[in-house]
Amino acid sequence: ISYSAITVKMASWCVRSMRQSYCAVAVHLRVSPRLFCSVAQKKNSKSSSEEDQSPALDEQKSEPAVENSLAEEKARLEEQLKETIDKYKRALADTENLRQRSQKLVEEAKLFGIQSFCKDLLEVADILEKATESVPKEEIKDQNPHLKNLYEGLIMTETQMQKVFRKHGLVKINPVGAKFDPYEHEALFHTPMEGKEPGTVALVTKIGYKLHGRTLRPALVGVAKEAS
């Protein structure tokens, strides 16, 4: 084979090689934009998924804090409610106590509003009692009608007055022989007396009175004591 023939073959071989390389480069260039697009899409999808996941992560992180805040607010409101209920109950109890005290004061005012008036009437009752006691019993005869009528009138007046006293809760205290009570009796003296137990009332010098169970005037008494 001559040198020229070899040269021609080598030239044709080079031309074919160049054509194949050109075709491969062209194919690669046609495929590359698609690869670029897919890579970009993957990056975008990854970034978007990360963006979508970031709020979810933030929400998950913030949920415990919100729950703790709500629990604290609930506890605070429950404590306020407890304090309010306690204050309401206390105020209700104070109001009820005040109502009862006011009602008691009103009832006592009704019962003991006549106390001063009763004290003044006791002096009248004492005078009537002394008047009847001063009349000699042996002088009360039919031969002495004026004294007899006067005595009977005094007795009737005293009886009616005591009836009115009892009607309004005013009763006598005549404690002869009873145990000495400092709330109802006022001791004028202590003296030994036969047949009387020491510490008991031996003598009543002035009748006492009670108004609805409350001592209006203590009885003036003499108290027996042991003989020395």
Side-chain angles (χ1 to χ4, degrees), residues 89-228:
K89 289 181 179 180
R90 290 177 181 272
L92 189 63
D94 291 340
T95 303
E96 181 63 20
N97 292 334
L98 179 60
R99 186 190 66 80
Q100 292 179 357
R101 286 196 299 269
S102 300
Q103 185 177 359
K104 185 177 180 181
L105 289 174
V106 171
E107 291 176 354
E108 288 182 352
K110 291 179 180 179
L111 292 176
F112 303 105
I114 60 173
Q115 182 170 327
S116 297
F117 179 67
C118 288
K119 280 185 177 181
D120 294 336
L121 284 179
L122 294 183
E123 300 298 330
V124 179
D126 293 339
I127 294 172
L128 282 174
E129 185 177 1
K130 289 179 179 180
T132 56
E133 290 176 355
S134 63
V135 176
K137 301 298 187 290
E138 63 275 8
E139 297 294 331
I140 304 172
K141 300 176 180 178
D142 294 336
Q143 291 80 4
N144 196 354
H146 298 291
L147 181 60
K148 182 180 179 181
N149 292 335
L150 178 61
Y151 177 78
E152 290 177 353
L154 291 174
I155 292 294
M156 291 175 61
T157 304
E158 185 182 7
T159 304
Q160 186 64 28
M161 180 171 285
Q162 292 299 326
K163 188 183 294 185
V164 173
F165 283 175
R166 288 192 296 271
K167 179 181 178 182
H168 293 280
L170 188 63
V171 295
K172 279 185 176 183
I173 301 176
N174 191 5
V176 176
K179 188 78 173 175
F180 176 77
D181 186 353
Y183 295 102
E184 296 183 359
H185 314 146
E186 182 178 345
L188 297 179
F189 56 89
H190 291 76
T191 182
M193 296 189 69
E194 294 182 1
K196 297 290 184 180
E197 183 181 353
T200 59
V201 176
L203 180 67
V204 177
T205 61
K206 193 173 186 178
I207 296 294
Y209 283 89
K210 294 171 69 174
L211 179 63
H212 295 291
R214 180 186 295 180
T215 302
L216 184 63
R217 187 182 74 183
L220 303 181
V221 300
V223 182
K225 70 175 184 178
E226 292 182 358
S228 57

Please list every donor-acceptor pair under 3.5 Å in which a side-chain atom of residues 109-132 meets a protein atom from a residue at least two apart or in another chain.
from	atom 1	to	atom 2	distance (Å)
D126	OD1	R217	NH2	3.3
D126	OD2	R217	NH1	2.7
D126	OD2	R217	NH2	3.4
T132	OG1	L128	O	3.2
T132	OG1	E129	O	2.8

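- If you take CE on M193 and OG1 on T200, they are separated by 9.0 Å, rounding to the nearest 0.5 Å.
- Side chains of K225 and F189 form no contact here, defined as non-hydrogen atoms less than 4.5 Å apart.
- Residue R166 holds its CZ atom at 7.5 Å from NZ of K163, rounded to the nearest 0.5 Å.
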Enumerate, atom names and distances included, each donor-acceptor pair closer than 3.5 Å involving a side-chain atom of residues 152-161, sequence neighbours excluded.
from	atom 1	to	atom 2	distance (Å)
T157	OG1	G153	O	2.8
T159	OG1	I155	O	2.8

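- Residue pairs meeting the salt bridge (Lys or Arg N to Asp or Glu O under 4.0 Å) criterion with at least one member in residues 188-204: none, sequence neighbours excluded.
- Remark: D142 pairs with K148 by the side chain to side chain donor-acceptor pair (under 3.5 Å) rule, at least two apart or across chains.
- Listed by chain and residue number, nothing satisfies the side chain to side chain donor-acceptor pair (under 3.5 Å) test with R101 (two or more places apart in sequence, or in another chain).
- For K210, the side chain to side chain donor-acceptor pair (under 3.5 Å) test picks out E184, with sequence neighbours left out.
- Here P198 pairs with E226 under the side-chain contact (heavy atoms from CB on, under 4.5 Å) rule; sequence neighbours left out.
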Could you pull out all donor-acceptor pairs under 3.5 Å where a side-chain atom in residues 167-181 meets a protein atom, sequence neighbours excluded?
from	atom 1	to	atom 2	distance (Å)
D181	OD1	Y183	N	3.1

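- Under the side chain to side chain donor-acceptor pair (under 3.5 Å) criterion, Q100 pairs with E96, not counting sequence neighbours.
- Applying the 6.0 Å contact sphere to CZ of R99 captures more than 12 heavy atoms from other residues, nucleotides or ligands.
- Side-chain atoms of N144 do not come within 3.5 Å of backbone N or O of I140 as any donor-acceptor pair.
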